[in-house]
Colleague: 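Questions regarding the structure given below will be posed in turn.
We're numbering straight along the sequence, starting at 1.
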Amino acid sequence: MPKITVMMDGAVHSEVTLTKERTTIGRRPYNDVVIENLTVSGEHAVLIMEGKQVSVEDLHSTNGTYIDGKAVKRQVLRHGNVMDMGKYKVKFEASVEDDFDKTMMYKPRAAAPAAAMPQAPLTMPELRGSIKVLSGAAAGREMALTKVVTTVGKPGVSVAAVTQRRHNFFVHHVEGNDRMTLNGDVVGDEPVVLKHGDRILLAGTEMQFLQG
């Protein structure tokens with residue numbers, strides 16, 4: 001399950017696992033997460049869980065709710081987001097199951113630009129592939145590549161896209177300065193065909209591509 005860590009000046013105030021559809025944060029004692037500080041409004045914000053997605057909504061608080069220095073009214077949270085509420089910081093962490101590993105990300109991605117990748121059929125039942133994690137906390141886990149485009153990596157460090165096209169899987173760099181390597185060779189922006197058994201090193205995590 002996802003959780004939040006409430007901190008002030010680097011010290012942990014509390015840790016709360018999000019199990020409800022709505023988790024309220026504020027100074028009043030009836031809130032789910034109580035922060036007794038005058039910089040925090042009586043009813044400051046609410047965390048809304050819809051499936052595996054968690055959003056934060058500011059409840060017209062006096063001092064506002066901020067993420068990365070920007071005031072937010074309502075915003076979907078990503079793993080690692082830190083919200084500023086008065087003098088307190090509230091860090092959001094997605095569950096390991098949702099993120100596959102806290103350093104990795106697997107999610108559907110919008111289709112790549114036509115210039116970079118020819119369009120692929122929406123479904124390709126005859127094509128089967130997966131990514132197996134070989135190192136890190138998620139070692140041994142395997143993720144089936146069931147989407148036309150699947151992104152994998154750590155936002156802000158290195159993200160790559162695995163794309164199905166005809167009878168092959170392709171991989172190419174999407175973002176980040178830490179370029180991934182395929183069997184020891186750096187992969188650039190141009191798609192490269194993946195072969196069964198290929199070793200991928202991405203964002204410090206070693207993985208293997210499996211097909212068949």
Side-chain angles (χ1 to χ4, degrees), residues 1-107 133-141 143 151-160 174-178 180 201-207:
M1 300 296 290
K3 73 171 186 177
I4 57 171
T5 303
V6 182
M7 302 170 288
M8 181 178 180
D9 297 330
V12 175
H13 174 271
S14 61
E15 291 185 350
V16 179
T17 300
L18 304 179
T19 59
K20 301 168 59 178
E21 290 184 4
R22 294 174 64 87
T23 301
T24 58
I25 302 173
R27 196 174 69 252
R28 302 298 182 193
Y30 50 75
N31 284 286
D32 298 303
V33 180
V34 179
I35 303 177
E36 296 179 352
N37 189 283
L38 291 177
T39 62
V40 177
S41 293
E43 298 175 355
H44 197 103
V46 59
L47 300 177
I48 303 167
M49 186 158 56
E50 300 171 307
K52 293 184 178 181
Q53 180 177 285
V54 178
S55 303
V56 61
E57 181 178 337
D58 184 79
L59 298 176
H60 306 289
S61 63
T62 301
N63 292 320
T65 300
Y66 294 80
I67 297 178
D68 297 328
K70 297 180 179 179
V72 297
K73 292 300 181 184
R74 178 163 179 165
Q75 182 170 314
V76 175
L77 294 173
R78 296 180 63 180
H79 176 75
N81 275 159
V82 177
M83 297 164 277
D84 288 295
M85 299 182 187
K87 292 184 178 181
Y88 284 75
K89 293 185 180 294
V90 181
K91 183 178 181 181
F92 171 75
E93 295 177 87
S95 65
V96 174
E97 290 78 9
D98 291 346
D99 275 35
F100 197 63
D101 174 20
K102 290 185 179 180
T103 63
M104 302 304 298
M105 170 190 65
Y106 293 84
K107 68 176 184 178
V133 179
L134 303 179
S135 66
R141 294 188 182 183
M143 177 67 182
T151 53
V152 53
K154 184 178 180 181
V157 178
S158 185
V159 176
V174 175
E175 64 178 58
N177 295 324
D178 185 8
M180 69 173 163
L201 182 62
L202 178 67
T205 298
E206 186 177 8
M207 298 168 283

Colleague: Would a 4.5 Å heavy-atom cut-off, applied to side chains only, mark Met85 and Val33 as touching?
Modeller: no
Colleague: Considering all heavy atoms of both residues, which atom of Arg78 and which atom of Phe92 are nearest to each other, and what is their separation?
Modeller: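 The pair with the smallest heavy-atom distance is O-CD2, 3.4 Å.
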Colleague: Is the closest side-chain heavy-atom distance between Val133 and Thr205 below 4.5 Å?
Modeller: yes
Colleague: Which heavy atom in Met207 sits nearest to a heavy atom in Val152, and how many Å separate them?
Modeller: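 Closest approach of Met207 to Val152: SD-CG2, 4.0 Å.
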Colleague: So, His79 side chain and Ala94 main chain: donor-acceptor pair closer than 3.5 Å or not?
Modeller: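 Judged by distance alone, yes, a pair lies under 3.5 Å.
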Colleague: One pair to check against side chain to side chain contact (heavy atoms under 4.5 Å, CB included): His13 and Asn37. What are the steps and the verdict?
Modeller: CA-CA 12 Å; His13 174 271; Asn37 189 283; over 6 Å; no
Colleague: Looking at every non-hydrogen atom in both residues, tell me the closest pair between Ala45 and Val56 and how far apart they are.
Modeller: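 Nearest pair, atom of Ala45 first, then Val56: CB-CG2, 4.3 Å.
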Colleague: Could you tell me whether a side-chain N or O of Asn63 sits under 3.5 Å from a main-chain N or O of Thr39, the two making a donor and an acceptor?
Modeller: yes
Colleague: Could you list the residues that satisfy salt bridge (charged side-chain N to carboxylate O under 4.0 Å, His left out) with Asp84, not counting sequence neighbours?
Modeller: Lys89
Colleague: NZ/Lys91 to CD1/Ile4 distance, rounded to the nearest 0.5 angstrom?
Modeller: 13.0 Å
Colleague: For Ser61, check side-chain contact (heavy atoms from CB on, under 4.5 Å) against everything at least two apart and list the hits.
Modeller: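 Result, side-chain contact (heavy atoms from CB on, under 4.5 Å) vs Ser61: Ser41, His44, Asp58, Thr65.
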Colleague: The criterion is side chain to side chain donor-acceptor pair (under 3.5 Å); which residues satisfy it with Glu206, sequence neighbours excluded?
Modeller: Arg199
Colleague: How many angstroms lie between CZ in Arg74 and CD1 in Ile48, if you round to the nearest 0.5 Å?
Modeller: 3.5 Å
Colleague: When rounded to the nearest 0.5 angstrom, what is the spacing between CD in Glu93 and CD in Glu15?
Modeller: 7.5 Å
Colleague: Walk me through it: do Ile35 and Met8 pass the test side chain to side chain contact (heavy atoms under 4.5 Å, CB included)?
Modeller: CA-CA 10 Å; Ile35 303 177; Met8 181 178 180; over 6 Å; no
Colleague: Tell me which donor-acceptor pairs under 3.5 Å the side chains of residues 22-30 have, and how far apart each pair is, sequence neighbours excluded?
Modeller:
| residue | atom | partner | partner atom | Å |
| --- | --- | --- | --- | --- |
| Thr24 | OG1 | Asn31 | OD1 | 3.3 |
| Thr24 | OG1 | Asp32 | N | 3.0 |
| Thr24 | OG1 | Asp32 | OD2 | 3.2 |
| Arg27 | NH1 | Val40 | O | 2.5 |
| Tyr30 | OH | Glu43 | OE2 | 2.8 |

Colleague: Return the minimal non-hydrogen interatomic distance between Val76 and Ser55, and the atom names on each side.
Modeller: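 Nearest pair, atom of Val76 first, then Ser55: CG2-OG, 3.6 Å.
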Colleague: Going by the rule side chain to side chain donor-acceptor pair (under 3.5 Å), which residues pair with Thr5 if we only count those two or more places apart in sequence or in a different chain?
Modeller: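 Here no residue qualifies.
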Colleague: What residues form a salt bridge (charged side-chain N to carboxylate O under 4.0 Å, His left out) with Glu21, not counting sequence neighbours?
Modeller: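 By the salt bridge (charged side-chain N to carboxylate O under 4.0 Å, His left out) rule, Glu21 matches no residue at all.
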